[in-house]
Amino acid sequence: MANTKTGLNYYTIDTDRYQDRRIKRLKKDLGCKGIAVYDYIICEIYRVRGCFLEWDDNTVFDVAEYFGLEENTVQEVVKYCGSVGLFDKALLSRGVITSASIQHRYIDMCSRAKRKAASIPEAYAITQTDEEPPSKETPERGVCQEQPPRNEPNNLDEEVEALKGDDSWLDQLQVLHHLDKSALRTKLDEFKLQCAADGKLHHQSLQDAKHHYNSWLRIVLQSTQKKNNEENQSRGRAQRRGNLLSPQKEKAYTDTF
């Protein structure tokens, strides 16, 4: 009888996977819970279907329940993984989690296990034109390829304009800070003014400018949220105090006793 099993009992993993910048960004922006959710999903992909995972409400619940997280938190992590390239963004929008590296590793492990019928479902297969071919050494880790040298901005104005035009980076910030691109670009103008006021007229690199802006924006949003909370609390106390101290209705002495 032919072996029709698609899932795997185990899968190989690279010891230097945490050197991948995408994994580092996931850890930096979403903390250990981001890494935990990502690793759990990778394990479920290979365990259940081998090369992909159907992403629906039940799967979201399973992941959230395992770690004791809110389901919205799990959704945020998965969306972030799609934005940085750990999962295929197009298929994720269709409710399927996979990537070229996941599929490459699945076929490789099936070949080693001598599974002759192993294949990727046509609807979910990622061609090399859809995503860069994975490294043969680190299909899961996805080594970041060196980008061709490019001209770095020469001043703060050029840096901010370059950041405003980086849609991929802004996509990540949208997930992280829950702001749309228009608001993020407006904040970039405020960031430029703050840098100028601090005498910071140039960063070492565009990446350095991105890190600076992300840290500055987090502080600004936290400060704004704290101020709003204090104002709401103050308003609530004032309202309660007003109800207690408000004058009683003027008495009318024309009524008969």
Legend entry - From CA spacing to verdict: side chain to side chain donor-acceptor pair (under 3.5 Å), N229, Q225: CA-CA 6 Å; N229 290 341; Q225 182 62 46; 3.0 Å; yes

Inset, instruction - Decide side-chain contact (heavy atoms from CB on, under 4.5 Å) for H104 and I120; before the verdict, give the C-alpha distance in whole Å, the side-chain angles of both, and the deciding distance to 0.1 Å. - result: CA-CA 9 Å; H104 175 87; I120 307 297; over 6 Å; no

Legend entry - From CA spacing to verdict: side-chain contact (heavy atoms from CB on, under 4.5 Å), V96, W55: CA-CA 5 Å; V96 174; W55 190 241; over 6 Å; no

Inset, instruction - Evaluate the side-chain contact (heavy atoms from CB on, under 4.5 Å) criterion for residues R218 and L176: first the C-alpha distance (whole Å), next the side-chain angles of each, then the deciding distance (0.1 Å), finally the verdict. - result: CA-CA 9 Å; R218 182 183 293 110; L176 183 61; 4.2 Å; yes

Inset, instruction - Kindly indicate, with the supporting measurements, whether the criterion salt bridge (charged side-chain N to carboxylate O under 4.0 Å, His left out) is fulfilled by E190 and K187. - result: CA-CA 5 Å; E190 297 177 17; K187 288 294 183 183; 3.5 Å; yes

Inset, instruction - Apply salt bridge (charged side-chain N to carboxylate O under 4.0 Å, His left out) to the pair R185 and D189, showing each step before the final yes or no. - result: CA-CA 7 Å; R185 291 188 174 103; D189 290 328; over 6 Å; no

Legend entry - Trace of the side-chain contact (heavy atoms from CB on, under 4.5 Å) decision for N214 with K28: CA-CA 11 Å; N214 187 37; K28 182 177 183 296; 4.0 Å; yes

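Cluster membership check: Y18 shares its hydrophobic cluster with I41, using side-chain heavy-atom separations under 4.5 Å among Ile, Leu, Val, Met, Phe, Trp and Tyr. No path of Ile, Leu, Val, Met, Phe, Trp and Tyr side chains, each step under 4.5 Å between heavy atoms, connects V48 with Y66, placing them in separate hydrophobic clusters.
From F87, atom CZ reaches atom CD1 of I97 across 5.0 Å, with rounding to the nearest 0.5 Å. A distance of 10.5 Å separates CG in L26 from CD in Q172, rounded to the nearest 0.5 Å. Of the inter-residue distances, the one linking R235 atom CZ with N228 atom CG reads 9.0 Å to the nearest 0.5 angstrom. In this structure, D157 CG and H202 NE2 are separated by 12.5 Å, a value rounded to the nearest 0.5 Å. Considering CG of L184 and CD of Q174, their distance stands at 6.0 Å, rounded to 0.5 Å. Distance check, rounded to the nearest 0.5 Å: CD of E159 to SG of C195 gives 8.0 Å.
Using a 4.0 Å cut-off between charged nitrogen and carboxylate oxygen, E54 and R49 count as a salt-bridge pair. Between E230 and K227 there is no salt bridge, since none of the side-chain N atoms of the basic residue sits less than 4.0 Å from a carboxylate O of the acidic one. Salt-bridge annotation for D171 and K79: absent, with no side-chain N of the basic residue lying under 4.0 Å from a carboxylate O of the acidic one. Classification of D20 and R25 as a salt-bridged pair fails, no side-chain N sitting under 4.0 Å from a carboxylate O.
For K164 against L188, the heavy-atom pair with the smallest separation is CG-CD1, 3.6 Å. Considering every non-hydrogen atom in both K89 and G82, the closest pair reads CB-O, 3.9 Å. Across all their heavy atoms, L156 and A196 have their closest contact at CD2-N, 4.0 Å. Of all the heavy atoms in L221 and L179, the pair that sits closest is CD1-CD1, 4.0 Å. Residue A183 comes nearest to D180 through the heavy atom pair N-OD1, 2.7 Å, listed as atom of the first residue, atom of the second, then distance. When all heavy atoms of L91 and Y124 are compared, the pair lying nearest together is CD1-O, 3.5 Å.
Few gaps surround CD on E231; more than 12 heavy atoms of other groups in view lie less than 6.0 Å from it. Within 6.0 Å of CZ on F67 lie more than 12 heavy atoms contributed by other residues, nucleotides or ligands. Around CG of D57, the count of heavy atoms belonging to other residues, nucleotides or ligands within 6.0 Å does not exceed 12.
A distance-only check finds a donor-acceptor pair linking the side chain of T98 to the backbone of C51 [under 3.5 Å]. The closest donor-acceptor contact from the side chain of D14 to the backbone of D16 lies at 3.5 Å or more, if one exists at all. Side chain of T224 to backbone of V220: a donor-acceptor contact under 3.5 angstrom is found. Panel note: side chain D88, backbone A90; a donor-acceptor pair is recorded below 3.5 Å. Under a 3.5 Å cut-off, the side chain of E71 and the backbone N or O of A64 do not form any donor-acceptor pair. One N or O on the side chain of R105 and one on the backbone of T12 form a donor-acceptor pair closer than 3.5 Å. A donor-acceptor pair under 3.5 Å is absent between the side-chain atoms of R47 and the main chain of G7, judged by distance alone.
Listed by chain and residue number, Q19 satisfy the side-chain contact (heavy atoms from CB on, under 4.5 Å) test with K24 (two or more places apart in sequence, or in another chain).
Taking the six-membered ring where tryptophan is involved, the planes of H203 and F191 are essentially parallel, since the angle between them stays under 30° and well short of 60°.
For the 3.5 Å distance criterion, the side chains of H211 and Q207 qualify, holding a donor opposite an acceptor. Between the side chains of T59 and D56, a donor-acceptor pair is found at a separation under 3.5 Å. At a cut-off of 3.5 Å, with distance as the only test, no side-chain donor of E76 or N72 sits close to an acceptor on the other residue. Looking only at atom types and distance, the side chain of Q194 has a donor-acceptor partner in the side chain of D198 under 3.5 Å away.
Counting heavy atoms from C-beta on, the side chains of L86 and Y80 never come closer than 4.5 Å. The closest side-chain heavy-atom distance from H178 to L173 is not below 4.5 Å. At least one side-chain heavy atom of T6 sits under 4.5 Å from a side-chain heavy atom of Y106. At a threshold of 4.5 Å between non-hydrogen side-chain atoms, the residues D208 and S205 count as touching. Residues K210 and L163 form a side-chain contact, since some pair of their non-hydrogen atoms from C-beta on lies under 4.5 Å apart.
Aromatic rings from W169 and Y213 are positioned such that their centres are separated by under 6.0 Å.
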